[in-house]
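Only one structure is covered here, and it is reproduced in the block below.
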Amino acid sequence: MTDKVPVHPTAGVKIFGRSASAQAYAMRDFLQRCDIPFEWIELKNDEQGREIGIDGVNDPRLPVCLFSDGTRLENPTIRQITEKLGWFRNPSYSEYDLAIYGAGPAGLSAAVYGASEGLKTVVVERWALGGQAASSPRIENYLGFPAGISGAELAERARDQACKFGAEILLGREGLRGEFSNGKSVGILADGTKLVARTAICAIGIQYRRLGLPNEDKFTGVGIYYGAGASEASFCLNEEILLVGGGNSAGQAALHFAKVARKVTMIVRGDALRDTLSAYLIERIYSTPNIEVLTNTEVTAVNGDEYLTSITITNRRTGESKAIETRRLFVCIGGQPHTDWAVEVGVARDEAGYLITGPDLQADGKWHAKWPLDRSPYYLETNIPGLFAAGDVRHNSIKRCASAVGEGAMAVAFAHRYLTNG
Ligand SMILES: Cc1cc2nc3c(=O)[nH]c(=O)nc-3n(C[C@H](O)[C@H](O)[C@H](O)COP(=O)(O)OP(=O)(O)OC[C@H]3O[C@@H](n4cnc5c(N)ncnc54)[C@H](O)[C@@H]3O)c2cc1C
């Protein structure tokens, strides 16, 4: 079974909306991550709204999506867009050999290896393909791509490969919780669908960490953007961009924005970039004239009414604060796992919420109290036999694309062993 994207409706999606629209941002972000070309048309006045058949810039039918086959969707949900792209589907089978939760690099890799090795494989993804990697404008340290590759393109290639081998990908579906009994896993999805599988891999990665400031939620998608903001770069022509974070993802984003923006300011809590950034990025950042790095600095307030208009930054050494006017702040300060569901079903986690697997379930020569079998857990197996964890969600993982991909492939090998030997 293949799941090839129909090409025609995707070529040139146009999104019409007003500037301060979180929904329009969600659509741009989704399409960018799915590697689908789109055009963003910001409506400046009511007259422009009437030209596309609505009453004006405050019409609740905005944002409007126009597909090249003439289809028009008014204020659509991401699920409606997924349906339009032909990507929304129901599971084909009542039971699978392997269910994978998360379609980032780890989940997609598990899908390729699982399906290619003959396992009836399903992947559940709550948003778009590619996970964090899909928000990266250019991944340069992934084996085999010396000139780099955008995360969205890498994910699209992986999707194609997984589907070629017969994996089913259920996009726009969120795994809420799981039940594990009698050698079966039952995943309960947010829409009520139940997925039964003989073995499962949790590859749900991490979610962007937030600044934790008052008003932050209000500006999400209307001035504050998480991740490298790949979908927004082309709209920042000649603007001054502010970016929080000193890690590799922030460094990549700074270099990407610097190509179009007048100036990029990196706001970094630590003393120096060298503590947090790969050498190849440090060199480039310091040799790019329109990037400024403010160390020992943090964002202490975000301000505005309908959308972000300024932020306040504070020097951590001197305590001095100042306001900077801006309409866009990109936040790249890493992430944290969202694994509350694991507590309910008794999956062992570390203090930060990462899932504990394999040898890490052992302490002082004894297996974790929740490990139920006489045999040792397989590497990447959680304390629930037959449930594996791969990629960033796993305790002690490396937080790189290549390691997530490697763990996805390894988890399938151990899933096979579990299916054969128990
Ligand atoms: C901007 C940026 C740039 C980066 N650049 C590089 C780089 O150049 N080189 C490098 O090696 N690494 C890079 N990384 C790190 C790399 O992207 C991650 O280590 C990698 O994506 C981890 O893969 P993963 O599959 O474990 O998790 P993720 O990529 O986090 O994917 C997890 C997926 O699971 C989905 N999900 C979560 N919860 C659920 C649920 N309940 N139900 C269904 N689906 C769910 C999410 O939507 C997501 O798609 C970068 C990260 C970022 C953010």
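Counting starts at 1 for both ligands and their atoms, in listed order.
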List every atom of ligand 1 that sits less than 4.0 Å from any heavy atom of [X], numbering the atoms from 1 in the order shown and giving each element.
| X | value |
| --- | --- |
| Ala404 | 22 (C), 23 (O), 26 (O) |
| Gly104 | 25 (O), 31 (O), 33 (C) |
| Val124 | 43 (C), 44 (N) |
| Ala203 | 32 (C), 33 (C), 34 (O) |
| Ala128 | 49 (O) |
| Asn141 | 7 (C), 8 (O), 9 (N), 10 (C), 11 (O) |
| Gly391 | 26 (O) |
| Ala106 | 25 (O), 26 (O) |

Specify the protein heavy atom at minimum distance from [atom]: its residue, its atom name, and the distance to 0.1 Å.
| atom | value |
| --- | --- |
| atom 5 (N) of ligand 1 | Gln252 NE2, 3.1 Å |
| atom 38 (N) of ligand 1 | Ile204 CB, 3.5 Å |
| atom 12 (N) of ligand 1 | Cys401 N, 3.4 Å |
| atom 27 (O) of ligand 1 | Gly205 CA, 3.3 Å |
| atom 1 (C) of ligand 1 | Ser249 CB, 3.3 Å |
| atom 44 (N) of ligand 1 | Arg126 N, 3.3 Å |
| atom 18 (C) of ligand 1 | Asp392 OD2, 3.4 Å |

Look at the aromatic rings of Trp127 and Phe30 and report parallel, tilted or perpendicular, splitting at 30° and 60°.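 The arrangement is perpendicular - the two ring planes meet at more than 60°.
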
On the 0 to 90° scale, with breaks at 30° and 60°, tag the Phe257-Phe330 ring pair as parallel, tilted or perpendicular.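 Rings of Phe257 and Phe330: tilted, 30 to 60°.
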
Counting only heavy atoms on the protein side, is anything nearer than 4.0 Å to atom 14 (N) of ligand 1?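 No; the ligand atom in question lacks any protein heavy-atom contact below 4.0 Å.
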
Taking atom 10 (C) of ligand 1 as the reference point, report whether a protein heavy atom occurs under 4.0 Å from it.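 Yes, there is a protein heavy atom closer to it than 4.0 Å.
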
From [atom], work out which of [options] has a heavy atom at the shortest distance.
| atom | options | value |
| --- | --- | --- |
| atom 34 (O) of ligand 1 | Gly102, Gly131, Gly107 | Gly102 |
| atom 42 (N) of ligand 1 | Gly227, Gly175, Gly187 | Gly175 |
| atom 17 (O) of ligand 1 | Gly334, Ala390, Pro105, Ala133 | Ala133 |
| atom 30 (O) of ligand 1 | His338, Gln132, Glu125, Arg173 | Gln132 |

Scan Arg327, Arg262, Arg328 and name whichever one has a salt bridge (charged side-chain N to carboxylate O under 4.0 Å, His left out) with Glu239.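 Only one option passes, and that is Arg328.
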
Heavy atoms only: give me the nearest Ala411-Ala390 pair and the separation to one decimal.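 Ala411 and Ala390 have their closest heavy atoms at CB-CB, 4.3 Å.
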
Side-chain contact, heavy-atom cut-off 4.5 Å: Ile313 with Lys322?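 Of all side-chain heavy-atom pairs linking Lys322 with Ile313, at least one is under 4.5 Å.
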
Does [X] come within less than 4.0 Å of [Y], counting only side-chain N to carboxylate O?
| X | Y | result |
| --- | --- | --- |
| Glu381 | Arg417 | no |
| Asp160 | Lys164 | no |
| Lys120 | Asp97 | no |
| Asp35 | Arg157 | no |
| Glu125 | Arg159 | no |
| Arg316 | Asp271 | no |

For Phe219, enumerate each residue passing the ring-ring contact (aromatic ring centres under 6.0 Å, His included) test, keeping only those at least two apart in sequence or located in another chain.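 Checked Phe219 against ring-ring contact (aromatic ring centres under 6.0 Å, His included); zero matches.
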
For Arg33 and Gly131, indicate whether the former's side chain and the latter's backbone hold a donor-acceptor pair under 3.5 Å.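 Judged by distance alone, yes, a pair lies under 3.5 Å.
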
Does ligand 1 have any atom that is closer than 4.0 Å to a heavy atom of Ile206?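 A heavy atom of Ile206 does come that close to ligand 1.
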
More than 12 non-hydrogen atoms from neighbouring residues, nucleotides or ligands closer than 6.0 Å to CD on Glu283, yes or no?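 Not more than 12 within 6.0 Å, no.
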
If I apply the N/O under 3.5 Å rule, does Arg400 come out as touching ligand 1?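 N/O-N/O distance below 3.5 Å exists for this pair.
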
